[in-house]
Structure formats: structure tokens, C-alpha cells
Amino acid sequence: MLMEAELADLAQAYVDRHWPSNGHRISSRATCTLDWDEDYCRRVAAYFEKAPRLAYDTVLVRRYDQFKRENLQQYRVVVDAGITVRPWLTPGQPYRGSAELRASVRTTGELYVYLTSAGHGPEPDERFHPMLEPSGIVVDGVELSHNDVFRVVHDAFGHVMSGRGFSARGEFGAAFCHMGMYSADVHPVLFTEQVAQICWFFFGPRSAERRYPPQKVFEFPTHYLTEFRSLFRL
């Protein structure tokens, strides 16, 4: 079955095809060191907490549209690699940890996606969010939302490929490894959708409850993303 190094080769081929000028090199287990900074995480969580729920201006519309297109392209790489994506249709989470996720993909070639309809935000919320829109991909009779597609590619190219776990540090590493597969224009969206929500989950005002963060659509000031990148030393 597909191994982490093979997935990294596919990711590198994807980057070379779509973003040849950025010179990014993919590794199956990122050869980088994370300078962990909990104060930074708390600052990101605090900014996320006070940010508006919806600040969806024309620039952010363009960024999200591009983000969704790139997720769909990466999803195709996952499927073409022989990984079978399946919606998780039973109660609870499909995996007890990242090791179980990686073992499932490695031994069975299947990747179960926890559906956004089963968990997205602290409580059911039918207000607008661009990632809740249908993606056009139907699996086992279920149409995946764009957020479902993002969950698939994040698990594949974040956790499976890098070997990173589901802890705060593991999610940071997975996000950093996966970020190199995206165009720079959508990095702010990836930061809000992944890094900032991880900070809120582990270091925000409701961290003891381990609940999903409120789902907000806005863009962080650029220095937060710059600081995130600076935490990693290649």
C-alpha cells in the first residue's frame, strides 16, 4: 500500500507542476525543527476570539475561491494515488489518533473523512461559510462540502505524509508541511482555517472543554503568518 515517502513524491510532483517557481521541497517526514511558542499560540487564539465572524471582502472571496480549487486539485492527487476516500457515517470520530489514521491508509488504502455536517463549530450553525458549500464530489451517496475536501487533503498531506500527530505541536507541523503545497495567495486562508483554529482549540478561552472553535471568515494581519513560518527551522 501507499507509504509516506510515496505520498511525498506525489506531493512534490504536484508542487513542481503547479508552483514550479517557488522551489519548495517536500519531505515524507519534514526535516524541520519547530521552535514551540505557547505565548504565540495564546496571542493567535486571543485575536481569533475577538475577530468578527464574517469579514468576507472581495480579496477574501478570491482567496477562498482559489483555496477551494487547490483543495479539489489535491483531492484528485489523493484519489489517483489509489486512496479510497469514504465518508464516516457512524457516531464518533473515525480514528482514535494519528497513528491509526496512518495505519489505515497504509494497510487498507482507505481514508475516512469525518463529515463537516457532523461537526463544524461549537454547535450546529447554518449561517454562511464558504467552506460549507457543496464541492460537487459525491462519495457513497454523500456530497462532500469544500470543508470535507479540505479535511481529506489535510489528513493525507498533513498527517499521513509528515507523520505528525493531532496534538497542538503535531497540528502545527502538519499545517506547515501541507502549506508548501498551496499557492502563497491562499496561505492566509489556510492560516485562519487551520493554524488559528488549533490555537483557539488548545489555548483559547474554552480550551478546557476541547470544543470546536466558532467558524469565522476573516484574514489575520500578515505578521501572524510570518511569525508562524519563523517558528520552523529547516
Could you note down all residue pairs passing salt bridge (charged side-chain N to carboxylate O under 4.0 Å, His left out) where residues 144-156 supplies at least one of them, sequence neighbours left out? none
Side-chain heavy atoms under 4.5 angstrom apart, residues restricted to Ile, Leu, Val, Met, Phe, Trp, Tyr: same cluster for Y64 and V59? no
Any pair counted as salt bridge (charged side-chain N to carboxylate O under 4.0 Å, His left out), so long as it reaches residues 179-192, sequence neighbours left out: R62-D185, R63-D185
Are the side chains of F220 and V195 in touch, meaning some heavy atoms are under 4.5 Å apart? no
Do D39 and R43 have side chains that approach each other closer than 4.5 Å (heavy atoms only, starting at C-beta)? yes
Does the Q215 side chain pair with the main chain of P213, one donor and one acceptor, at a distance under 3.5 Å? yes
For the residue pair Y95 and H159, establish whether any side-chain heavy-atom pair is separated by less than 4.5 Å. no
I need the minimum non-hydrogen distance between E143 and G136, along with the two atoms involved. OE2-N, 3.1 Å
Any side-chain donor paired with an acceptor under 3.5 Å for Y14 and E70? no
Counting only heavy atoms not in R96 (residues, nucleotides, ligands), do more than 12 fall under 6.0 Å from its CZ? no
Any side-chain heavy-atom pair from F228 and Y40 closer than 4.5 angstrom? yes
Does the side chain of Q194 pick up a donor-acceptor pair with the side chain of H178 at under 3.5 Å? no
